[in-house]
Protein chains: 2
Amino acid sequence: MTEVLKSDDHDFRSRCSIARTLELVGDKWTLLIVRDLMWHDKHTFQALQNSAERVPSNILSERLKRLMNWGLVQRQTYQYRPVRYQYHLTDIGRALEPVLLQAMRWGHEHLEGGLFDPGGEQPDE
Amino acid sequence: MTEVLKSDDHDFRSRCSIARTLELVGDKWTLLIVRDLMWHDKHTFQALQNSAERVPSNILSERLKRLMNWGLVQRQTYQYRPVRYQYHLTDIGRALEPVLLQAMRWGHEHLEGGLFDPGGEQPDE
DNA sequence: TTTGTCACTTTCAAAATTAAAGTGACTATC
DNA sequence: GATAGTCACTTTAATTTTGAAAGTGACAAA
């Protein structure tokens, strides 16, 4: 079973597309979750939680709900008894890849010591 | 007089360049300030404050300090008695343009009704 | 029966954000 | 020369968000 819930009535603070994008991904965690879903094959709550930067579980839970709500992520049940879920990016979520790549490029070029590799280090799964 | 203060010892939560970039610009306001400096010819505290999304003045003050601290923005005194300042992007700050463009593109394509125009609407100066 | 896993939720203190008012340096006007 | 106005912020206090940690419920395996 696949759930996609998208509520289309969000109200924005301005008509600027950047401001609108930031209302959704303008925080320290959301794009890291997208990164892990897109490149690091982390698709379960557990795997996402064990990611390099150690997102708090309540934050992860809230962000995943928001991403589902906006249609960037869908959750699917991949196993019953016990029920287990996987999170996957939708086309809308995958369309953020150039944003991630540019953020990675900027960080790599202008912040010392950062990696330039979508694969990253993957310290633990 | 031009001030550029850059402290090179920031500690990051991971080696991922995206995570590092987000530690600096991962919030609702910072990239909007960069947008206004880059495209909207807003260079004084007042002009930035009057921008479309109405950033609170203490947040603006704190973000400008952070951007100066990381070397993305420099402040210059353009007038004495009374002393007045202008903020400008450095090369490092300007290098964020592709990030802004991709964020704009994504918002425009996937969030209904957003503008696709670096110039924006500029409702008041 | 006990232990373990997964997918969260709850709790509560600490930190960040917000709106609003205030400050200091000056200039211009009555 | 007293008052009003501008710019560049800072301070204050209430609200919201974050973060670390512990807890919960559904099951499975030993």
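Everything quoted here is computed from the prediction, not taken from an experiment. Every chain is numbered from 1, with letters handed out A, B, ... down the list of sequences.
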*Least distance between heavy atoms, L89(A) atom then V34(A) atom*: CD1-O, 4.0 Å
Below 4.0 angstrom from OP1 or OP2 of [N], is there any side-chain N or O of [X]?
X: K65(B); N: dT10(D); answer: yes
X: R81(A); N: dG25(D); answer: no
X: K28(A); N: dT17(D); answer: no
X: R63(B); N: dA16(C); answer: no
X: W29(B); N: dT18(C); answer: yes
X: Y87(A); N: dC8(C); answer: yes
X: S61(B); N: dT10(D); answer: yes
X: R75(A); N: dC8(C); answer: yes
X: R66(A); N: dT17(D); answer: no

Output yes when a side-chain donor or acceptor of [X] lies under 3.5 Å from a complementary backbone atom of [Y], and no otherwise.
X: E23(A); Y: F12(A); value: no
X: W106(B); Y: I92(A); value: yes
X: R84(B); Y: Y78(B); value: no

[X] [atom1] to [N] [atom2], straight-line distance once rounded to whole Å:
X: E23(A); N: dT16(D); atom1: CD; atom2: C1'; result: 16 Å
X: R13(A); N: dA19(C); atom1: CZ; atom2: P; result: 11 Å
X: L60(A); N: dA21(D); atom1: CG; atom2: C1'; result: 16 Å
X: Y78(A); N: dT5(C); atom1: OH; atom2: C1'; result: 10 Å
X: N58(A); N: dC8(C); atom1: CG; atom2: C1'; result: 10 Å
X: Q46(A); N: dT5(C); atom1: CD; atom2: P; result: 9 Å
X: Y85(B); N: dT10(D); atom1: OH; atom2: C1'; result: 14 Å
X: Y80(A); N: dT5(C); atom1: OH; atom2: P; result: 24 Å

Look at the side chain of [X] and decide which nucleotide, out of [options], has an atom nearest to it.
X: F45(A); options: dA7(C), dG19(D), dT17(C); result: dA7(C)
X: R84(B); options: dT18(C), dA8(D), dC26(C); result: dA8(D)
X: S57(B); options: dC6(C), dC8(C), dA21(C); result: dA21(C)

*L31(B) versus T21(A): any side-chain heavy-atom pair under 4.5 Å?*
no
*Applying the side-chain contact (heavy atoms from CB on, under 4.5 Å) test to L96(B), which of T30(B), L37(B), V25(B) qualifies?*
V25(B)
*Do D27(A) side-chain and dT17(D) base share a donor-acceptor contact under 3.5 Å?*
no
